[in-house]
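I have placed the structure first, in the form of structure tokens, so that the comments after it can refer back to it.
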2 protein chains.
Amino acid sequence: MSEELKLKNQVCFPVYNLAKEIISLYRPILKDLDLTYSQYIVMLVLWENEEQNVSEIGSLLNLDSGTLTPLLKRLELKGFIERKRKATDERVVSITLTEEGRNKKEKAECIPTQLVEALDISIEDLSELKRITEKITNQINKIK
Amino acid sequence: MSEELKLKNQVCFPVYNLAKEIISLYRPILKDLDLTYSQYIVMLVLWENEEQNVSEIGSLLNLDSGTLTPLLKRLELKGFIERKRKATDERVVSITLTEEGRNKKEKAECIPTQLVEALDISIEDLSELKRITEKITNQINKIK
DNA sequence: CACAATTATATTGTACACAATTTAATTTTG
DNA sequence: CAAAATTAAATTGTGTACAATATAATTGTG
């Protein structure tokens, strides 16, 4: 059999697999905060900038409205965010944090440390992982 | 704001994001073969070994029956595989390739090359990506 | 050998992820 | 300024992904 089609020689599979593995490490930690991983990265974006459009969140996280609309509705239902159409442009839905959503940030502060501990990986390996994945993502986005 | 919670400092996000980006490069290529990415990696496993149980496929790909059962039923519906309970142990579902599924392999031979071309990344970067992601996955699996 | 425990898969329910289409609002242009 | 084009979200449909539970078959044990 041709070597290239063997699972062990695939390039994407290890990345796809690692993403799932890391997310599964996040899962129990995030459960205490009542957040899924996808909800968590949306909250990260909002903690950094408390008011953003759906499309702004989408372009930061590479998620479209088909993913974000229901996800944001779930965050709204839990009382972490508010969704309001802009008066100046009714097409735009502006997302803001509620008091509860803002307060969650303090509880979240320890997550990056907890995760690095759960990973049990050297800082060197982590930064190399970050460097190479970002490099390749940038290169992909350049040609698109 | 604490640096650690900023999106740009996250470790998992670039991995999660890159996995999605690579899969989106696969999508148009795999569409010609009438396969999704998940279906493709299942076919990879079967091309390597034409008869395997659901659980064997699952442990190679880290997917459980909740994911695999419907996915395999879709592959069966397309006529690429067959699902048959083992006579020796009726609990076990054995998956085999059909003639059509086997023939797909030839059409798939060019995919790894096509993808590397679409990525437009040096072999060095790709092997570094593979090395570091596999290293970290192994480390995660060691502590689990 | 019967019954409990285990095993393999299937099912159910929730939550992404994304393509394609729809809807409604705003901008552009003739 | 009205019709066409564009834009932003929402909706619909398909396909993962996984936890939890169910079902059915097999194995282990008294």
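Note that the structure is predicted; figures quoted are calculated from it, not measured. Here is how names work: the chains are called A, B, and so on, in the same order as the sequence lines, proteins then strands, and each is numbered from 1.
- With D:dG15, D:dT26, C:dA17 as the candidates, the nucleotide lying closest to the side chain of B:D89 is D:dT26.
- Comparing A:K78 and A:R91 by the nucleotide of DNA chain C that holds the closest heavy atom to each, the one mapping nearer the 5' end is A:K78.
- Protein atom CZ of B:R27 is 6 Å distant from nucleotide atom P of C:dC18, rounded to whole Å.
- Taking the charged nitrogens against the carboxylate oxygens, B:E109 and B:K105 have no contact shorter than 4.0 Å, which rules out a salt bridge.
- For the pair B:K20 NZ and C:dC16 P, the interatomic distance rounds to 12 Å; values are reported in whole Å.
- Taking atom CE on A:M43 and atom P on C:dA15, their separation rounds to 16 Å, with Å as the unit.
- The CG-P distance, from A:L25 to D:dC18, rounds to 12 Å in whole Å.
- D:dA24 is paired with C:dT7 under the Watson-Crick or G-U wobble criterion, all donor-acceptor distances under 3.5 Å.
- Results of the side chain to side chain contact (heavy atoms under 4.5 Å, CB included) test with B:N17 over A:L63, A:L61, A:N62 single out A:N62 as the only residue that passes.
- One interatomic measurement links the two molecules: CG of B:N53 to C1' of C:dA10, which rounds to 15 Å at whole-angstrom precision.
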Tabulate protein N/O versus nucleotide N/O from nucleotides 10-12 of chain D, keeping only pairs under 3.5 Å, one per line.
unit_1: D:dA10; atom_1: OP1; unit_2: A:R83; atom_2: NH2; d: 2.7
unit_1: D:dA10; atom_1: OP2; unit_2: A:T69; atom_2: OG1; d: 2.7
unit_1: D:dA10; atom_1: N7; unit_2: A:S65; atom_2: OG; d: 2.7
unit_1: D:dT11; atom_1: OP2; unit_2: A:K73; atom_2: NZ; d: 2.7

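- Position along DNA chain D of the nearest nucleotide to B:S38 versus A:V92 favours A:V92 as the more 5'-ward residue.
- Between the NZ atom of A:K86 and the P atom of D:dA9 there is a distance of 9 Å, given to the nearest Å.
- Here CG of A:L72 is found 9.5 Å from CD of A:Q39. Values are rounded to the nearest 0.5 Å.
- Atom pair B:I23:CD1 and C:dA17:P shows a separation of 11 Å (rounding to whole Å applied).
- Partners of B:T88 by side chain to side chain contact (heavy atoms under 4.5 Å, CB included), not counting sequence neighbours, listed by chain and number: B:K86.
- In this structure, A:L71 places its CG atom 12 Å from C1' of C:dT14, rounding to the nearest Å.
- B:Q39 has a side-chain polar atom (N or O) that falls below the 4.0 Å cut-off from OP1 or OP2 of D:dT16.
- Applying the 4.0 Å criterion to OP1 and OP2 of D:dT7, one finds that A:S55 has every side-chain N and O outside that range.
- Between A:Y16 and B:A19, the shortest heavy-atom contact is CA-CB, 3.8 Å.
- Note: A:L75 CG to A:I95 CD1 = 9.0 Å, rounded to the nearest 0.5 Å.
- Taking a cutoff of 4.0 Å between a charged side-chain nitrogen and a carboxylate oxygen, A:R83 and A:E76 qualify as a salt bridge.
- Within the structure, a side-chain polar atom (N or O) of A:T36 is placed less than 4.0 Å from OP1 or OP2 of C:dC16.
- For D:dA17, one of the phosphate oxygens OP1 or OP2 lies less than 4.0 angstrom from a side-chain nitrogen or oxygen of A:Y16.
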